[in-house]
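Just so you know, ligand 1 is whichever comes first in the structure, and atom 1 is the first atom listed for that ligand. Quick caveat, the model's predicted, so the values are computed rather than measured.
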Amino acid sequence: MAVALITGASQGIGACIAKRLAKDGFDVAINHFPSEESAAKALEVAKECEAFGVKAVCFAADVSKMAECEEMVKAVKEQLGSIDALVNNAGITRDKLLARMSEDEYDAVIAVNQKSIFNMLKNVCPVMMKQKHGRIVNIASVAGLYGNPGQINYSASKGAVISMTKTVAKEYGRKNITCNAVAPGFIHTPMTDVLAEDYKTKMLEAVAMRRYGEPEEVASVVSFLVSEDSSYVTGQVIEISGGLSM
Ligand code: NAP
C-alpha cells in the first residue's frame with residue numbers, strides 16, 4: 001500500500017487532504033503539532049481516514065525543528081514501510097503591516113512555513129531516492145505569487161516555497177520524484193475564519209467565482225498531483241483561487 005505523509009493535518013486543509021488521500025487508497029501518516037489539543041484533533045482525523053479501510057497513524061512533530069522531522073520520518077518508515085507522497089501543508093500566519101511587524105513575528109512564520117519545507121525535504125528525499133519514486137506537493141499561497149499587504153512574512157515564506165518547489169523538481173526529476181506546489185486563494189478554514197467580515201467581503205470582489213473555496217477543492221488537486229495521472233507534471237504551481245488573478 002502506498003503511504004502519504006501530510007504535515008499539519010490536525011485541522012483545515014491538511015486534515016481534508018489526509019481524508020482525501022485515504023479515500024484514494026493511501027495509508028496516511030498524519031503529522032500534528034506536539035500539543036495535547038493538536039493530538040486529539042489528529043486522532044479524530046485518523047479515525048475518519050481509517051473508515052476508508054486504510055492505515056492511519058498520527059505523528060507528533062514541530063516541523064520547524066529539523067531533529068523532530070528526522071525522528072518523524074524514521075518513525076513513519078518503521079511503522080508504515082515507505083513514503084510515496086509528501087504533502088508539506090503546515091503553516092501559520094502572524095499578519096501585520098511591515099511598519100508594525102516585530103522580528104519575532106517575521107521569524108516565526110519563516111520557521112514554520114519555509115524552513116519546515118527544507119527540514120522535511122532533507123529527510124524525505126533520501127527515502128524517495130531509494131524507492132526510485134516519489135510525489136511531493138507543497139502548499140504555497142497566492143500571497144507567494146503576488147504579495148499581500150499585512151503579510152510580508154507570509155508572502156516571503158510562500159514565495160520561497162514556490163522557488164524551493166522548482167529547485168527540487170530540477171534536482172530530483174531524473175530520480176522519478178516530482179515536486180509541485182498549489183497556491184490556494186481564500187479557502188474556508190480556521191485560518192481564514194478569524195479574518196474580519198468586511199475584509200472577507202471586500203476580498204471576494206476580486207474573486208471571479210465570487211465565493212470562498214472549500215478545503216475539499218484543494219484536496220482534489222493534491223490528489224491529482226500525487227497520483228499517476230500527473231506522472232509528467234513537475235515544478236508547477238497550480239493556483240486554486242476561483243480566478244483571483246487573471
Ligand atoms: P489551519 O487551519 O490553521 O491549519 C494549519 C495546520 O498546521 C494546523 O493543523 C496546525 O496545527 C498545523 N501547524 C502549525 N504549525 C505547525 C508546526 N510547527 N508543526 C506541525 N504542524 C503545525 O490553516 P489552513 O487554512 O488549513 O492552512 C493549511 C495550509 O494552507 C497552510 O500552509 C496555509 O498557509 C495554506 N493556505 C491556506 C489558505 C486559506 O485560505 N486557508 C490560503 C492559502 C494557503 P494546530 O492548529 O493543531 O497547532
Undergrad: Side chains of residues 86-93: which donor-acceptor partners sit under 3.5 Å, not counting sequence neighbours?
TA:
unit_1 : atom_1 : unit_2 : atom_2 : d
Asn88  : ND2    : Asn138 : OD1    : 2.8
Asn89  : ND2    : Thr7   : O      : 3.1
Asn89  : ND2    : Gly8   : O      : 3.0

Undergrad: Between Lys96 and Glu105, does at least one N-O distance fall below 4.0 Å, as a salt bridge requires?
TA: yes
Undergrad: For residues 77-84, which side-chain donor-acceptor pairs fall under 3.5 Å, sequence neighbours excluded?
TA:
unit_1 : atom_1 : unit_2 : atom_2 : d
Ser82  : OG     : Asp84  : OD2    : 2.8
Asp84  : OD2    : Val3   : N      : 2.7

Undergrad: N or O contacts of ligand 1 with protein under 3.5 Å, please list pair by pair.
TA:
unit_1   : atom_1 : unit_2 : atom_2 : d
ligand 1 : 2 (O)  : Gln11  : NE2    : 2.8
ligand 1 : 3 (O)  : Gln11  : NE2    : 3.3
ligand 1 : 9 (O)  : Gly8   : O      : 3.2
ligand 1 : 9 (O)  : Ser10  : OG     : 2.8
ligand 1 : 11 (O) : Ser10  : OG     : 3.4
ligand 1 : 18 (N) : Asp62  : OD1    : 2.8
ligand 1 : 19 (N) : Val63  : N      : 3.1
ligand 1 : 25 (O) : Thr189 : OG1    : 2.5
ligand 1 : 26 (O) : Ile13  : N      : 2.8
ligand 1 : 32 (O) : Asn89  : O      : 2.7
ligand 1 : 32 (O) : Lys158 : NZ     : 2.8
ligand 1 : 34 (O) : Tyr154 : OH     : 2.5
ligand 1 : 34 (O) : Lys158 : NZ     : 3.1
ligand 1 : 36 (N) : Tyr154 : OH     : 3.4
ligand 1 : 40 (O) : Gly185 : O      : 3.2
ligand 1 : 40 (O) : Ile187 : N      : 2.9
ligand 1 : 40 (O) : Ile187 : O      : 3.4
ligand 1 : 41 (N) : Ile187 : O      : 3.4
ligand 1 : 41 (N) : Thr189 : OG1    : 3.1
ligand 1 : 47 (O) : Ser10  : OG     : 2.7
ligand 1 : 47 (O) : Ser38  : OG     : 2.6
ligand 1 : 47 (O) : Lys41  : NZ     : 3.4
ligand 1 : 48 (O) : Ser38  : OG     : 3.3

Undergrad: Report all side-chain donor-acceptor pairs from residues 235-245 shorter than 3.5 Å, counting only partners two or more places apart or in another chain.
TA:
unit_1 : atom_1 : unit_2 : atom_2 : d
Gln236 : NE2    : Thr234 : O      : 3.0
Glu239 : OE1    : Tyr146 : OH     : 2.6
Glu239 : OE1    : Ser245 : OG     : 3.1
Glu239 : OE2    : Ser241 : OG     : 2.7
Glu239 : OE2    : Ser245 : OG     : 2.8
Ser241 : OG     : Leu244 : N      : 3.1
Ser245 : OG     : Tyr146 : OH     : 2.8

Undergrad: One thing to verify: whether Lys65 and Glu70 come together as a salt bridge, which I'm taking to mean a side-chain N less than 4.0 angstrom from a carboxylate O.
TA: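 No, no charged N to carboxylate O under 4.0 Å.
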Undergrad: If only side-chain N and O atoms count, and only distance matters, is there a donor-acceptor pair under 3.5 Å linking Gln151 with Asp95?
TA: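 The answer is yes; a qualifying pair exists.
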